[in-house]
Amino acid sequence: MTVYESPHGQLELRDLSVTERVFEGLALGDPDRIVLSDAVTGDSLTAAELEADIRALAGGLSEAGWGAGATIAILAPNMPAYVTVFHGAAFAGATITTINPSYTAPEVAHQLQDSGAQLLVTVSAALETAQAAVSGMDMPIAVIDGDGEANGAMPLSSLMSAPLAAQVPVDLDTHVLALPYSSGTTGLPKGVMLSHRNLVVNVDQALVPVPVYPGEMTVAFLPFFHIYGLTVMMNMYLSAGAGLVTMPRFDLETLLRAIQDHKMRMLCLVPPVALVLAKHPLVEEFDLSALKVVISGAAPLGSATTDAISTRLGCTAMQAYGMTEMSPVSHACCDGYLKPGSIGALVPGTAARIVVPETGQDAAPGGKGELWIKGPQVMLGYHGNPAATAETMAEGGWLRTGDLASVDENGSFAIHDRLKELIKMHGFQVAPAEVEAVLLEHPNIQDAAVLGRADDTGDEAVVAYVVTGDGQVPDLAAHCEARLAHYKHPAKVYSVDAIPKSASGKILRRVLRDAAAPGA
Ligand code: 4UW
């Protein structure tokens with residue numbers, strides 16, 4: 001077995017809950033400094049206000065029976081109060097499942113049911129979807145903004161009560177703190193069970209190659225419902241004593257203005273935003289001279305784009321790599337590990353193997369194989385799905401990432417391809433199996449397969465192949481609109497005679513991918 005260790009060495013594990021870790025960061029500096037500010041509404045929270053709100057919500061949730069043992073769902077865009085809800089629930093000993101606010105009611109309902117949530121916290125703008133999702137369920141709804149009472153929901157403020165003095169005790173290693181959803185290497189989205197240990201250690205692991213300084217600010221447009229936004233934006237910045245300008249959705253001008261006005265030093269983004277920074281003319285109209293580091297992740301980014309950003313903005317542009325199942329960070333570039341096209345070196349306390357899928361053997365030095373990861377940030381497993389957990393976790397605690405990778409003699413890793421089914425659209429997950437299931441609900445579709453096809457920007461589009469009785473492609477707009485968030489809708493649908501499958505009935509996606517698109 002060839003095991004690659006982190007050049008940063010090991011990391012001392014600290015027995016803190018994720019909220020206690022964030023409180024450490026809030027205590028670094030003036031308690032009256034703003035740590036969260038909404039880029040659109042200007043609503044803000046100081047360090048002292050955030051801590052007080054978290055303690056008050058934790059107190060109220062505990063009193064109401066939504067503390068220890070409860071699962072709370074959050075369906076909201078990025079906003080300062082998102083942090084209050086996440087950490088109020090965490091401090092009260094609850095489990096939090098984070099839902100994409102662009103989901104349709106059936107998608108929300110599915111995650112609520114699968115996660116076993118008992119309370120749904122949302123915003124007025126998503127209330128209609130939330131109510132449609134919970135119809136037929138005994139699921140109270142709390143609304144962060146507005147009173148919601150007219151609609152049978154309760155205002156979140158009614159859950160604020162006497163502040164909780166201390167973390168409700170939970171086992172840091174086994175209690176499920178967060179339950180974000182990921183399809184992993186195959187199948188439908190599954191709840192990824194992450195512990196307090198996972199999330200705390202990953203913040204500290206990421207801060208070694210990617211330090212963040214007390215008092216600085218960055219823009220959080222990467223959504224908190226996704227693990228990248230949750231750990232790297234929310235928890236890493238606040239734990240380091242820094243702060244965030246939150247954006248409910250991406251808007252270039254707002255982003256550029258925030259970087260300029262707050263003299264931001266570092267920006268974390270995804271490849272489509274990296275491209276915009278490299279090319280968009282609006283970038284010239286703002287003073288971004290404070291920006292020194294730009295980090296991209298969640299999907300591949302070519303070195304041409306990192307070079308273009310470095311040249312245009314006079315900063316270091318580089319990649320990091322993560323996966324929901326790893327809380328999420330396992331690799332980041334840093335001094336000594338800035339090789340073009342690379343995802344950098346292993347973060348502290350993390351080990352890797354490169355395993356050739358066909359043989360199950362470790363690849364020869366420099367060779368390609370599936371990236372396997374072991375470390376304290378690796379998930380506990382998939383919620384209620386031991387079969388999927390067993391498929392993903394190899395013996396000895398190794399997580400199979402489903403990514404084809406290699407490592408050079410210096411310890412810089414590169415990702416070459418995705419072996420798994422997953423499609424990445426703007427950095428967000430689209431599980432082919434989920435889209436296929438929706439297509440199969442259409443009365444005229446007999447069989448379906450879905451793939452990602454890279455466009456000329458390197459982003460992926462969802463492409464569907466369908467078998468229909470008459471060989472015609474049905475109009476799927478209304479069908480998909482009712483069932484799937486927009487970013488999961490197929491951009492192209494082709495009619496085919498048959499979907500290639502293995503003897504066991506598995507879709508042969510590579511065969512489909514390699515065949516010329518019919519009519520294209
Ligand atoms: N290059 C190529 C990359 C890369 C990549 C991810 O939705 P998930 O489960 O999770 C994420 C997490 C991304 C992330 C977290 C923390 C961080 O610092 C960072 O970089 C700044 C990124 O996206 O999807 C996981 C899958 O996304 C692909 C890869 O296929 C992985 O298994 N992926 N980062 N740099 N591909």
Side-chain angles (χ1 to χ4, degrees), residues 98 100 178 180-186 189-192 194 198-199 202-203 205-210 212 218 220 222-237 266-274 293-303 305-306 316-334 337 339-347 350 352 370-373 377-379 382 392 399-406 412-431 452 454 458-460 487:
T98 54
N100 184 337
Y181 272 63
S182 162
S183 62
T185 55
T186 183
K190 298 168 275 290
V192 177
L194 300 174
N198 290 150
L199 289 203
N202 204 230
V203 160
Q205 289 173 309
L207 282 170
V208 172
V210 184
V212 173
T218 197
L222 299 172
F224 295 148
F225 73 77
H226 184 250
I227 195 72
Y228 184 2
L230 187 73
T231 293
V232 177
M233 302 277 87
M234 179 198 291
N235 290 334
M236 185 170 95
Y237 268 78
M266 186 162 92
L267 189 64
C268 294
L269 41 67
V270 287
V273 180
V293 184
V294 170
I295 305 184
S296 172
L301 183 67
S303 55
T305 308
T306 43
T316 306
M318 58 197 194
Q319 291 193 81
Y321 164 89
M323 176 171 167
T324 309
E325 288 80 350
M326 306 189 300
S327 302
V329 190
S330 65
H331 289 76
C333 287
C334 60
Y337 299 90
K339 192 170 162 179
S342 152
I343 55 165
L346 288 160
V347 296
T350 306
E370 185 182 12
L371 177 65
W372 289 19
I373 296 289
Q377 73 272 49
V378 170
M379 67 166 178
Y382 291 115
T392 308
L399 174 87
R400 303 171 203 254
T401 64
D403 290 310
L404 190 72
S406 64
S412 280
F413 286 71
I415 303 290
H416 303 284
D417 200 359
R418 208 174 288 139
L419 301 167
K420 55 189 167 188
E421 297 169 359
L422 178 65
I423 301 169
K424 274 299 182 93
M425 169 77 178
H426 294 350
F428 296 124
Q429 292 201 359
V430 179
D459 206 359
E460 282 181 295
Y487 68 97

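Numbering of ligands and ligand atoms starts at 1, following listing order. Computed from a predicted model, the values in this text were never measured in an experiment.
In terms of protein heavy-atom proximity, atom 18 (O) of ligand 1 is closest to A320 CB, 3.6 Å. Nearest to atom 7 (O) of ligand 1 among the protein's heavy atoms is H226 NE2, 2.7 Å. The protein heavy-atom contact nearest to atom 28 (C) of ligand 1 is A298 O, 3.6 Å. Considering only non-hydrogen protein atoms, atom 25 (C) of ligand 1 sits nearest to G322 O, 3.4 Å. The single protein non-hydrogen atom nearest to atom 15 (C) of ligand 1 is P328 CG, 3.2 Å, given as residue, atom name and distance. Distance from atom 2 (C) of ligand 1 to its nearest protein heavy atom, with residue and atom name: P300 N, 3.3 Å. In terms of protein heavy atoms, atom 21 (C) of ligand 1 is closest to Y228 OH, 2.9 Å. Closest to atom 24 (O) of ligand 1 among all protein heavy atoms lies K424 NZ, 2.8 Å.
Judged by the shortest distance from any of its heavy atoms, S296 lies inside the 4.0 Å radius around the atoms of ligand 1. Heavy atoms of H331 come nearer than 4.0 angstrom to ligand 1 in no pair at all. Remark: distances from the non-hydrogen atoms of C268 to ligand 1 are all 4.0 Å or more.
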- Walk me through it: do V293 and L267 pass the test side-chain contact (heavy atoms from CB on, under 4.5 Å)? CA-CA 6 Å; V293 184; L267 189 64; over 6 Å; no
- Verdict with supporting geometry, M326 and L399, side-chain contact (heavy atoms from CB on, under 4.5 Å): CA-CA 8 Å; M326 306 189 300; L399 174 87; 3.3 Å; yes
- Before giving the answer on side-chain contact (heavy atoms from CB on, under 4.5 Å), spell out for V210 and I295 the whole-Å C-alpha distance, their side-chain angles and the decisive distance to 0.1 Å. CA-CA 9 Å; V210 184; I295 305 184; 3.5 Å; yes
- Chi angles and distances behind the side-chain contact (heavy atoms from CB on, under 4.5 Å) call for V212, L207: CA-CA 7 Å; V212 173; L207 282 170; 3.8 Å; yes
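How far CH2 of W372 is from CD of E370: 7.0 Å, rounded to the nearest 0.5 Å. Atoms OG1 and CD1, from T324 and I227 in turn, are 6.0 Å apart once rounded to the nearest 0.5 Å. Here the CG-OH distance, from N100 to Y487, works out to 4.5 Å after rounding to the nearest 0.5 Å.
The pair E460-R418 meets the salt-bridge criterion, since a charged nitrogen lies less than 4.0 angstrom from a carboxylate oxygen.
Backbone and side-chain nitrogen or oxygen atoms of I343 are examined, and none is located within less than 3.5 angstrom of a nitrogen or oxygen of ligand 1.
Which of V270, T324, I295 comes nearest to atom 10 (O) of ligand 1 through a heavy atom is settled by distance: it is T324. Closest to atom 30 (O) of ligand 1 by heavy atom, among L404, D403, I415, is D403.
Atom numbering of ligand 1 starts at 1 in the shown order; those under 4.0 Å from a heavy atom of Q319 are 1 (N), 3 (C), 35 (N). Ligand-side atoms of ligand 1 in range of K420: 30 (O), 31 (C), 32 (O), range being under 4.0 angstrom from any heavy atom. The Q429 neighbourhood of ligand 1 comprises atoms 7 (O), 8 (P), 9 (O), 24 (O), with distances under 4.0 Å to a heavy atom of that residue. Every atom of ligand 1 is numbered from 1 in the order shown, and the set under 4.0 Å from a heavy atom of V232 is 16 (C), 18 (O). Atoms of ligand 1 lying under 4.0 Å from at least one heavy atom of V329, given by number and element, are 16 (C), 18 (O).
Residues T350 and Q377 are in side-chain contact: their nearest non-hydrogen atoms beyond the backbone lie under 4.5 Å apart.
With hydrogens and angles ignored, the 3.5 Å screen pairs a side-chain donor or acceptor of T218 with a backbone N or O of M266.
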